[in-house]
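Right, one structure below, let's go through it.
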Amino acid sequence: MRFFKDFAEEFKAHKALFAMAAPAFFLVLIMQYLPMSGLVLAFKNFRYDMGVFRSPWNGLNNFKFLFSSGTGWLITKNTILYNLLNLITSQLLAVIVAIFITEIHAKYFKKVTQSVILLPYFISWVVVGVFVYNLFNYESGIVNSIMKAIGHEPINMYGIPAAWPFIICAFNAWKWTGYNSVIYIAAITGVDGEIHEAASIDGATIFQRIRYITLPSIRPTLVTMILLQVGRILRGDFEMFYQIVGMNGQLYNATDVIDTYVFRSLVTNPDIGMTAAATFYQSVLCFLIIMVVNAVVKRIDEDYALF
Amino acid sequence: MLNKTMKKLLSAALVGTMAVSVLAGCGSSAPAAQPAGDAASGEAAAVDTSKEVELVLYVISDRPAGQDVVDENLNKLLKEKMNTTIKINWIGWAEYANKYPMLFSSGEQFDMAYCATWLNFANLARRGAFKPLDELLPTYAPKNYEMQSESALKQATIDGHIYAVPTLLPTYITYGSIYRGDLAAEAGMTDDIDTWEEVEQYGDWIKANHPEMEVIDVYAGNVELSLQWERMQGNYEIDSGNRYIFYDPSEEHPTVFALYDDPTAPEFYDMCYRFGEKGFWSKSALSDTDSTKTQNGKAAMRFHNIDTWSGYTVLHPEWDFKYGVMTSDIAHLPYTQDCMVISNTAQNPERAMMFWDLLTTDQEVYDAFYYGVLGTTYELNEEGQFTITDPDLYSTSAMWAARTFDLNRNQAGVPESYNTVRAEWEKNIQEGKGTERFTGFVFDTSNVTTQLANCQNVRQQYGWPLELGYVDPVAGLAEYKQKMQEAGIDDVIAEAQKQLDAYLEAQN
């Protein structure tokens with residue numbers, strides 16, 4: 001009961017602070033914590049007339065479809081690998097872009113460059129899907145038109161699954177680099193300009209300044225960004241995969257992630273319980289992974305851990 | 001609510017219905033609804049409509065701009081006739097897959113909704129999304145009930161209860177080639193293109209003379225060659241959501257089989273491979289999302305049903321679209337292909353049923369509901385065919401289940417053959433023969449949901465590329481079969497066989 005006593009004292013002492021925190025607290029409670037109770041659906045045979053809590057229990061049956069045909073492991077692996085690849089490429093590119101942009105001093109060039117890099121973020125995946133199809137379409141795609149023009153045999157890109165992790169990764173980086181770099185630019189501009197000046201006066205080259213001043217100063221941001229991404233490592237970006245790959249079964253072994261698999265398996269015979277089971281599986285694994293990674297980060301440097 | 005006499009009458013009607021269904025179960029083909037209908041029609045008139053009621057109806061389609069005008073006109077009429085108004089809510093095509101099941105799980109109060117086999121009517125009914133209509137239908141919609149055929153009501157019956165009012169407009173299990181009459185004439189093919197040899201001949205000619213066109217319209221999610229192949233042989237799919245398991249309805253005791261186990265499967269996949277090599281469709285077809293290639297002149301042929309064809313003829317009369325029937329045993333589509341359901345949250349199910357009765361029997365109400373306002377949204381010619389004034393304003397209602405054979409109008413410009421062909425089919429269909437014997441069969445998938453989810457995936461991943469000739473027909477077929485078996489298709493087949501046998505058992 002110690003906790004409640006402390007809490008009561010704390011409450012009395014800082015009424016105003018509690019009042020200010022209350023809206024956020026209740027918002028999180030209602031929007032994030034209460035819906036979690038819906039996870040029971042993963043273990044239920046859902047009936048519309050009985051609702052979420054009164055529907056009969058169903059054991060682990062809802063999980064079977066994920067694993068019964070051996071696809072469960074493949075799609076889990078794909079999801080994690082894609083997320084890792086995307087995490088590394090888009091963050092790395094974002095850091096490089098941020099450093100370049102902050103080092104550019106020509107005002108208009110800087111603004112234009114930044115805008116151009118940010119622009120893809122605003123293009124919806126649906127449109128990107130159309131781009132991709134028009135690039136790689138065998139008969140009339142841009143790639144094959146060029147191939148034919150230079151006297152090369154056309155390439156059937158949709159018949160080469162191995163190429164698609166790179167294509168998907170490239171489009172992901174293209175879309176997210178600009179957006180992520182904004183955060184790093186903010187971190188870099190937060191560094192005191194005098195440190196850079198002092199280093200220049202001491203004769204540091206531009207690379208030495210980047211290596212010893214800029215990079216260390218954005219390290220906390222970088223770690224936080226990576227931790228946040230790791231927390232979503234089992235969530236495939238459904239829209240991206242669905243719009244780029246769509247219903248093209250030839251590519252599934254290389255491109256299928258949990259979200260697309262679940263969508264495809266259940267779109268003709270929807271089952272709320274089975275969908276909930278997939279979400280439950282993703283959430284639990286994400287939770288475990290983020291706990292482990294956070295613990296590792298904490299070990300190395302406590303200040304960088306998320307919690 | 002109901003008073004005592006009403007309740008008595010109701011139960012009398014119920015007993016009547018039950019007696020009839022028992023008789024019907026014994027294989028009598030007497031006009032099924034007669035006694036219950038008579039008992040009910042007397043009291044329907046006595047229902048109290050003094051309280052004004054607003055009904056809420058959900059349909060699936062994008063809301064047309066002119067809906068307000070249509071609503072105003074319709075509600076004036078309904079207010080007059082039965083002191084009721086109706087509010088139509090639209091669920092857009094982009095969101096229906098997620099939003100439609102949510103309607104029933106969210107607890108929202110509404111009265112009626114469009115439903116269909118492709119919206120998983122049976123599954124939703126089994127999970128308690130709808131109100132049972134065993135009493136409501138004969139009592140409050142007696143005229144509609146009277147017109148329902150025995151097999152229609154059987155399809156609407158899930159686990160012993162009627163859960164939907166099926167459409168009264170017969171539609172047909174047909175598939176065939178929709179092709180360009182003008183091009184076929186140029187190619188010298190004046191007979192209907194309705195065999196695979198003719199398809200190939202037409203395709204070769206197109207490829208040689210119109211290389212810019214795709215020969216056979218294939219796009220993502222619309223790989224229908226195998227369906228066409230099976231229909232041509234008179235085989236019928238066990239479930240419209242799972243078109244890779246078939247049976248032969250002409251057999252006395254049909255055996256359920258997977259597409260790849262059809263003895264003609266190797267021949268079929270060889271043909272597909274050949275067509276693919278000839279470039280009848282794109283090598284990237286599975287990523288193509290353009291569903292309008294035939295109607296826009298980018299493709300020369302498509303396999304689909306007769307209504308798609310009649311739609312095309314109205315769009316482009318100058319291309320002289322033709323329809324080659326490639327289904328050897330035509331039967332009625334399940335009547336739950338289009339149906340109306342009452343939500344389990346409905347506040348006024350009685351009034352909703354009365355409205356439905358009026359809608360499906362009264363031309364004036366039907367016209368106002370389905371076509372809108374005469375002179376504003378549609379025009380009629382002397383033959384009573386309609387023309388849409390402005391498709392951007394309003395075309396026709398999305399409540400397709402309201403159509404009936406008597407009230408529905410043809411669109412002006414549809415060729416005469418649309419009617420003659422269908423009349424011919426109607427004449428040839430024999431109750432209880434061939435595919436027609438099975439139109440009442442509904443596959444209950446609840447025991448095999450896991451396996452079906454897996455098979456669905458395998459079909460897309462391995463079946464479609466094989467069907468489009470992207471992989472070697474022999475090795476690909478073996479792989480497809482192996483993956484399907486790993487996914488548990490044998491359980492699905494066994495379950496389907498069991499249910500089909502039980503269905504036949506009950507008929508005899």
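Looking at N61(A), only its backbone comes within 4.5 Å of chain B, counting heavy atoms on both sides. For N156(A), the part lying near chain B is the side chain, with the backbone staying farther off; criterion is any non-hydrogen pair under 4.5 Å. Neither the backbone nor the side chain of R459(B) comes within contact range of chain A; no heavy atom of the residue lies under 4.5 Å from a heavy atom of that chain. Contacts of Q461(B) with chain A are made by both backbone and side-chain atoms, with heavy-atom separations under 4.5 Å. Proximity to chain B (any heavy atom under 4.5 Å) is shown, for V262(A), by neither the backbone nor the side chain. Looking at Y252(A), the atoms closer than 4.5 Å to chain B (heavy atoms on both sides) sit in the backbone and in the side chain alike. Only the side chain of Y462(B) comes within contact range of chain A, with at least one heavy atom under 4.5 Å from a heavy atom of that chain. At a 4.5 Å heavy-atom cutoff, L119(B) makes no contact with chain A through either its backbone or its side chain.
Nearest approach of Y261(A) to N454(B), heavy atoms of both residues: OH-OD1, 2.8 Å. In plain terms, the two heavy atoms of Y48(A) and P101(B) that are nearest each other are CE2-O, 3.4 Å. Residues S105(B) and F46(A) come closest through the heavy atom pair CB-CZ, 3.7 Å. Nearest heavy-atom pair, M274(A) versus A453(B), reported as atom, atom and distance to 0.1 Å: CE-CB, 3.9 Å. For the residue pair P465(B) and G249(A), the shortest heavy atom distance occurs at CG-C, 4.3 Å. The two residues M247(A) and A220(B) have their closest heavy-atom pair at SD-C, 4.1 Å.
A distance of 8.0 Å separates CD in Q243(A) from OG1 in T289(B), rounded to the nearest 0.5 Å. Note that CD of Q250(A) and CG of L468(B) are 8.0 Å apart. Values are rounded to the nearest 0.5 Å. For the atom pair Y158(A) OH and S282(B) OG, the distance stands at 9.0 Å (nearest 0.5 Å). Distance check: T450(B) OG1 to F67(A) CZ gives 12.5 Å after rounding to the nearest 0.5 Å.
Without hydrogens or angle criteria, S287(B) side chain to N248(A) main chain gives no donor-acceptor distance under 3.5 Å. At distances below 3.5 Å, at least one donor-acceptor pair connects side-chain atoms of E139(A) with backbone N or O atoms of K283(B).
Around the CZ atom of R47(A), the shell of radius 6.0 Å holds more than 12 heavy atoms that belong to other residues, nucleotides or ligands. For M36(A), the CE atom is densely surrounded, since the number of other residues' heavy atoms within 6.0 Å is greater than 12. Shown here is E212(B), whose CD atom has more than 12 heavy atoms of other residues, nucleotides or ligands within 6.0 Å. The number of heavy-atom neighbours closer than 6.0 Å to CZ of F263(A), taken from other residues, nucleotides and ligands shown, is above 12.
Side-chain atoms of Q456(B) and R264(A), non-hydrogen and from C-beta on, never get closer than 4.5 Å to each other.
Ion pairing between a basic and an acidic side chain is recognised when a charged N comes within 4.0 Å of a carboxylate O; D49(A) and K131(B) show no such pairing.
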*asked:* Assess the residue pair R127(B) and D271(A) against the criterion (side-chain contact (heavy atoms from CB on, under 4.5 Å)); give the C-alpha distance rounded to whole Å, side-chain angles, the decisive distance to 0.1 Å, and a yes or no.
replied: CA-CA 10 Å; R127(B) 288 168 181 273; D271(A) 186 307; 2.9 Å; yes
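Of all the listed residues (N123(B), V458(B), D288(B), T449(B)), the one sharing the greatest number of non-hydrogen pairs under 4.5 Å with chain A is D288(B).
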